[in-house]
Amino acid sequence: MRMSRLFSQTLRRPPSEAEIPSHRLLLRAGYIRQLGAGLFSHMPLGKRSLVKIENIIRGAMDAIGGQEMEMPVVNPAEVWKKTGRWYEIGAEMARFVDRVGRDMVLAMTHEEVVTDIARQEIRSYRQLPLLVYHIQTKFRDDPRPRAGLIRVREFRMKDSYTLDCDWEGLDKQYRAHYQAYFDLFNRCLVPCIAVKSDVGMMGGKLAHEFMYLTPIGEDSLVLCDNCGYSSNRQVAPFVKEAPPAEEALRLEEVYTPDCKTIAGLAEFMGIPESKTAKAIFLIATVAEDEQDVEKFVLAILRGDMELNETKLTNALRAKELRPATEEEISVKGIEPGFGSPIGIKDILVVVDDLIPRSPNMVGGANRVDYHYKNVNYDRDYAADLITDISAAQEGYGCAECGAPLRMSRGVEIGNIFQLGTRYSAAMGANFLDKDGQLKPIVMGSYGIGPGRLLACVAEEHHDEHGLIMPITVAPYQVHLVFLPGKKVDTQAMAEQLYQDLQRVGVEVLYDDRDERPGVKFNDADLIGIPLRLVVGERALTAGGLELKRRDGKGSWTVPAEEIVRTVLQRISDMEAEIEATVAPIEYPG
RNA sequence: CGGGGCGUAGCUCAGAUCGGAUAGAGUGCGCGGUUUGGGUCCGCGAGGUCGCCGGUUCAAGUCCGGCCGCCCCGACCA
C-alpha cells in the first residue's frame, strides 16, 4: 500500500477525549475513528489488524475441530422468549418490532440460534460432538462505554458453541478451548491469565475468563501467588477466620450519638470494626412465574468487610439488585444508619456465613443514636439465607491454600462457559443416545472480542513514539521508506523494492510521499509496523539499506541485492519468536 | 441512571467574568518557493450553522431556559 493513497492520516495530537494509551495511539496512527459513544470505524490499517486477529482465532478454532458458520444478527424474539432471556436481559439488548409487528432482537450472543439449529439437525449421538463458531458484529447497548476499544457497544465477536452427548464430552471441548485461547492470545502477544468467573446471564455451571492484566482493566481479580489460584473478585471465595468463641452475653442497648458509620461506631465504642455488624438494605428484582417481583433484602456482614453484590445476586437468583432508597427503608420501620434485623418482619434477611460464627457483635438498634451490644445470631435474630456474600480483599486468605491474596485489575479478552443443558432443555434440543434414551444436548459457549484484543495489543506494545505491533497482528509486515538522495535515485530503488517485496508475498506499507525524513520516521514509529526498511543515501554509501525492527531488537545494513531474502528471513524469525511462546498449559481443573 | 467536566476550523486550543462592528492562533490542508536522515523555513490561500432550539436585548460565541452530544467517576455489564 502506498501511504500517499492510504485512507487515514496520522494525527499529531490525539483528540482530547482519548485518555488511555491504546485509544490515543490507535487514533493517532489512523487505525480507528470514532462515530459515537462506543461506536468505532476501523480504518484500513485497523481493519487489516482486526482481520489478522480474526484469522489467528480462526486458526486456533479450526485446530480443535471448529467449523465456521454464520448466524443471523437479527433474531425473532420467539427463541429468546423460549429460553427466558427475553425477560431476563435488560436494556443492553436492542429490541425492535418488524413491519408486521413481530418482536425482534439484535442477538448479543447466539445460544438460542445454535440450539434452534441443533434441535432440527441433531437426532443421534453419532452426530456429536460438534464445535461451531462464527465471527460477527454484535451490539450491546452498554450503559457506559469507555476506554476506546476496550469497552464499546458495537464490536466483532468470535462466539463458538460445543454440542456434546454428556458432561465428559463437554469437559473435553472446554479444555480444548482453554488451551486454544492461550495459544491464540500468545500469537497476538497478549499475556493473559484464566480466572474463575461468574456465569452471569449465560447461566450454566463452570466459567473462566481470560484476563489481560493491566491497571486500566475494569474487572477486579483475586490472585494467589503461592498456589496460582485466581478468580474474578465477583465470585472469589476466601478464608474467613472466625473469632474465638465467647459466651453469649446479654443483649444491651447502648447510646451511640451520631454513629452512623461503621468507622464512627467502632471508634466510639472502642472496638475493632470486626466486632461490628453492618446492615445493608437492597431491593432485589426476582422473577417469579414470568413476573418481576421486587423484594426488600437486608444483607448482614461484618463491619470490616465489603458486600459482594454478585455473590448476593446469585444467592438470591435475582435479576437485579440495587440499594434501597431511604424512603423504602423507612417504610419498613427501619432507621437508616442504625438498621438492624432484630424485631423486623416481612423482609428477606441474608447473612454472611461468618456472622453466625461471630459472637457478641455490635449492631444497629433501629432507633436513632442507639446500637445493640452483644448481638448473637440465632438467639437474637434469624436469617432466610446464610451464605458467603462478602467481597475478597487484598491480604485475605486464599481459599485453596490460605496464603494472602493479591488484587489486580484486568481486561476480559475471552471467556468460556460450561452451559450444560440449560438451553437445550428449554428449547427441546434432544438427541437419541446409544442407550436409546432421548437426552438434551450438553452445551458450551465461548467468546472472544477481536477488537478489544486489538486494543490490548496496543496497550501492551507501545512506547513514547507509537505502536509496536507484533508481526502477527501488524497491518503490514514492512514499512518501506525512501529518503530523497542527491546522487542516487532512491525513489526509483524504493519503487523497485516495493514491487519485488510484494512479488514474494511480503505485505508492504510504502511511504512514497514527498515528506521530510522526520515526518516519515515519526509516522513509521507511530503506525508501528514491525520492520522498517529505509532507502537513503547515507546508508547506501555505508553498504546498503537500513533494516530495523520497531521493537528495538535489531537493525541491519543490507546490500540491495540481498534485501528481499533478508526481509523474508527477518519476518520468519519474528514469526518463529512468537510461535515459540505457544506451549501447552496446565488446566487447573 | 446518579455525580463531575467539556462542546468555537480536520486536530489542539484562545476569545465568554464585563454582550458591540469582518471570530482568532498553532497544527493540518491547497498553491509557490526553500529545505532534505527525526514533525524545515518563508509567502499566499481555502476552511466556521461558535452543538441544537427558544428567550432577553438595538445588538448574543458571550446572558437566561430547555434539549442534544462526548469524556471521566460510580451504578451496570459474557
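Chain naming here is simple, since letters A, B, ... match the order of the sequence lines and numbering starts at 1 in each.
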Sugar-phosphate, base or nothing in reach of A:R513, heavy atoms under 4.0 Å: nothing
Sugar-phosphate only, base, or nothing, as touched by A:D523 at under 4.0 Å among non-hydrogen atoms: base
Base of B:rU36 paired with side chain of A:R516 (donor-acceptor, under 3.5 Å): no
A:V519 side-chain proximity, nearest of B:rU36, B:rG39, B:rG38: B:rG39
Note, A:R146 side chain near A:E218 side chain (heavy atom, < 4.5 Å): yes
Tabulate protein N/O versus nucleotide N/O from nucleotides 23-29 of chain B, keeping only pairs under 3.5 Å, one per line.
unit_1	atom_1	unit_2	atom_2	d
B:rG28	OP1	A:R12	NH2	3.4

Pair assignment for B:rG45, Watson-Crick or G-U wobble, requiring both distances under 3.5 Å: B:rC29
A:H465 and A:N522: CA distance, side-chain angles, deciding distance, side chain to side chain donor-acceptor pair (under 3.5 Å) verdict: CA-CA 7 Å; A:H465 302 295; A:N522 278 309; 5.2 Å; no
P spacing across the pair B:rG48 / B:rA59, given as an integer number of angstrom: 27 Å
Value in whole Å for how far the P atom of B:rG74 lies from CG of A:L307: 17 Å
5′-ward residue of the pair A:E546/A:E412 relative to RNA chain B: A:E546
Sole residue of A:E111, A:E112, A:E88 in salt bridge (Lys or Arg N to Asp or Glu O under 4.0 Å) with A:R422: A:E88
Paired nucleotide for B:rG74 [Watson-Crick or G-U wobble; both distances under 3.5 Å]: B:rC1
Separation of B:rG38 P from A:N522 CG (nearest whole Å): 10 Å
Gap in Å between the two C1' atoms, one belonging to B:rA46 and one to B:rC53, rounded: 31 Å
C1' gap between B:rA75 and B:rU62, integer Å: 37 Å
Atom of A:M61, atom of A:S160 and distance for their closest heavy-atom approach: CE-OG, 3.4 Å
Same-atom distance (C1') from B:rG47 to B:rG26, integer angstrom: 15 Å
Side-chain donor-acceptor contact under 3.5 Å, A:S555 with A:R549: no
Base-pairing assignment for B:rG24 (Watson-Crick or G-U wobble, both under 3.5 Å): B:rC13
B:rC6: pairing nucleotide in any strand, Watson-Crick or G-U under 3.5 angstrom: B:rG69
Centroid-centroid under 6.0 Å between A:F40 and A:F155 rings: no
Aromatic plane relationship, A:H134 with A:H110 - under 30° parallel, 30 to 60° tilted, over 60° perpendicular: perpendicular
Within residues 7-30 of chain A or reaching into it, pairs that qualify as salt bridge (Lys or Arg N to Asp or Glu O under 4.0 Å) - sequence neighbours excluded: none
Nearest listed nucleotide, side chain of A:L483, among B:rG37, B:rG38, B:rC77: B:rG37
Sugar-phosphate only, base, or nothing, as touched by A:R33 at under 4.0 Å among non-hydrogen atoms: nothing
Rounded distance in Å between the C1' positions of B:rU12 and B:rG2: 31 Å
Ring centroid separation A:F182 to A:Y178 under 6.0 Å: yes
Along RNA chain B (nearest heavy atom to each residue), the more 5'-positioned of A:P15 and A:V534: A:P15
Pair partner, B:rU35 [Watson-Crick or wobble, under 3.5 Å]: none
Distance in angstrom units between A:R452 CZ and B:rC77 P, rounded: 14 Å
Between B:rG10 (C1') and A:L27 (CG): distance, integer Å: 13 Å
Length of the line joining A:I32:CD1 and B:rC11:P, which is rounded to integer Å: 15 Å
A:D171 versus A:Q418, side-chain donor and acceptor atoms under 3.5 Å: yes
Mind listing the N/O atom pairs, protein and nucleotides 69-73 of chain B, below 3.5 Å?
unit_1	atom_1	unit_2	atom_2	d
B:rC70	OP1	A:A37	N	2.8
B:rC71	OP1	A:Q34	NE2	2.9
B:rC72	OP1	A:A147	N	3.2
B:rC73	OP2	A:R144	NH1	3.3
B:rC73	OP2	A:R144	NH2	2.6
B:rC73	OP2	A:R146	NE	3.4

